[in-house]
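Below is one structure, written out as structure tokens, with a few remarks after it.
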Amino acid sequence: MNDVERIAIPTPFQIGRVNCYAITRGSLTLIDPGPLTDDAYTELTDSLEGLGYATEDVDRVLITHPHIDHFGLADRIRNESEATICAHRDAVDVLADPTANFEREQAFFRPYLASVGVPEQLLETVVTLPESYNRFREPVAVDRALAEGDEIVLDETTTLEAIHTPGHAPASVCFLDRERQSAFTGDHVMADISPNPLLTLEPGTTDQRTRSLPDYLAALERIATEDVTTGYGGHRDIIPDIPNRVEEIVAHHDERSDRVSGLLADHGPMTPYKLMTLEFPDLPATETFAGMSEIIGHLDVLEDASRVEKVERDEQSTYELIDA
Ligand SMILES: [Zn+2]
Ligand SMILES: [Zn+2]
């Protein structure tokens with residue numbers, strides 16, 4: 001199927017390369033153009049040239065989710081091509097002013113992280129570290145805001161259907177090609193890595209966090225019930241069997257939920273931060289937010305299953321096991 005080309009674009013981030021997909025059916029469609037760096041732009045344009053295209057030829061840009069490794073170049077490509085930019089409707093505000101969005105998150109997560117036990121001296125680092133990414137957050141105006149079930153017609157044989165898959169990001173969408181039983185899955189499903197259920201603000205609010213892992217697991221089940229096999233993920237190789245990969249990811253999370261519950265059984269009630277230091281003993285400060293997202297995600301899952309409860313003590317949230 002060489003009318004879908006995977007272009008692995010370099011990023012300056014720890015994740016390594018990000019996948020941009022060029023679909024050359026009908027006109028030229030790009031899914032996730034990559035980050036806002038000159039290196040990424042050069043590799044993208046070189047690869048397009050190899051396929052016989054220039055950036056002016058891009059007809060539409062689809063964004064799977066508003067993370068800087070995926071959307072950064074969207075505006076630059078639109079300036080050169082007048083391409084139509086499509087993203088989930090919950091991504092519209094985030095992309096319109098990514099820095100303001102980041103500042104809202106900072107304002108919420110500083111006190112929130114303190115309330116779940118992150119020590120004061122670490123808190124400042126955790127909350128301010130991502131400021132160094134501000135230069136990768138140029139605003140992008142979305143031309144077409146997508147909702148669940150919306151269709152993007154590429155040509156007479158190709159329609160992509162947007163499926164809302166919140167979890168890794170609230171505005172995550174997968175694009176299903178039912179005709180070919182395939183899906184462009186962004187960071188929702190990837191071949192050999194499991195995305196972090198990153199905590200973020202619930203779209204449209206300034207005082208409510210997402211329950212990212214329960215949302216993510218529900219959205220995983222959702223895509224596994226679709227009639228799709230091949231997955232074009234946001235990083236790494238193409239996924240040969242989506243339902244099979246979903247099973248592996250769910251098993252991985254079940255195991256970790258059991259481990260978190262086991263830690264509470266062994267050590268008694270504690271804060272999410274304390275749990276994180278036990279589950280990930282040598283985590284660098286740069287990874288604290290991801291680590292906390294993971295632990296709180298599992299506590300949310302255990303809470304939903306009535307296996308743990310949250311107890312407020314001395315202005316801090318601790319969690320304890322509910323006796324079965
Ligand atoms: Zn992402
Ligand atoms: Zn990514």
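All ligand and atom numbering here is 1-based and tracks the order in the structure. Remember, predicted model here, so these are calculated numbers, not experimental data.
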### Query
Are the ring centres of His70 and His235 closer than 6.0 Å?
yes
### Task
Output yes when a side-chain donor or acceptor of Ser172 lies under 3.5 Å from a complementary backbone atom of Thr165, and no otherwise.
yes
### Task
Would you please say whether a donor-acceptor pair under 3.5 Å links the side chains of Arg137 and Thr99?
no
### Task
May I ask you to decide if the ring planes of Phe184 and Tyr232 are parallel, tilted or perpendicular, using 30° and 60° as cut-offs?
parallel
### Task
Taking the Zn ion (ligand 1) as the vertex, measure the angle between atom ND1 in His67 and atom NE2 in His65; round to 10°.
90°
### Task
For the Zn ion (ligand 2), find the closest N/O/S atom belonging to Asp69 and write down its atom name.
OD2
### Message
Within rounding of 10°, what is the angle whose vertex is the Zn ion (ligand 2) and whose arms end at NE2 of His235 and OD2 of Asp187?
### Response
110°
### Task
Specify whether an N/O/S atom of His70 falls short of 2.8 Å from the Zn ion (ligand 2).
yes
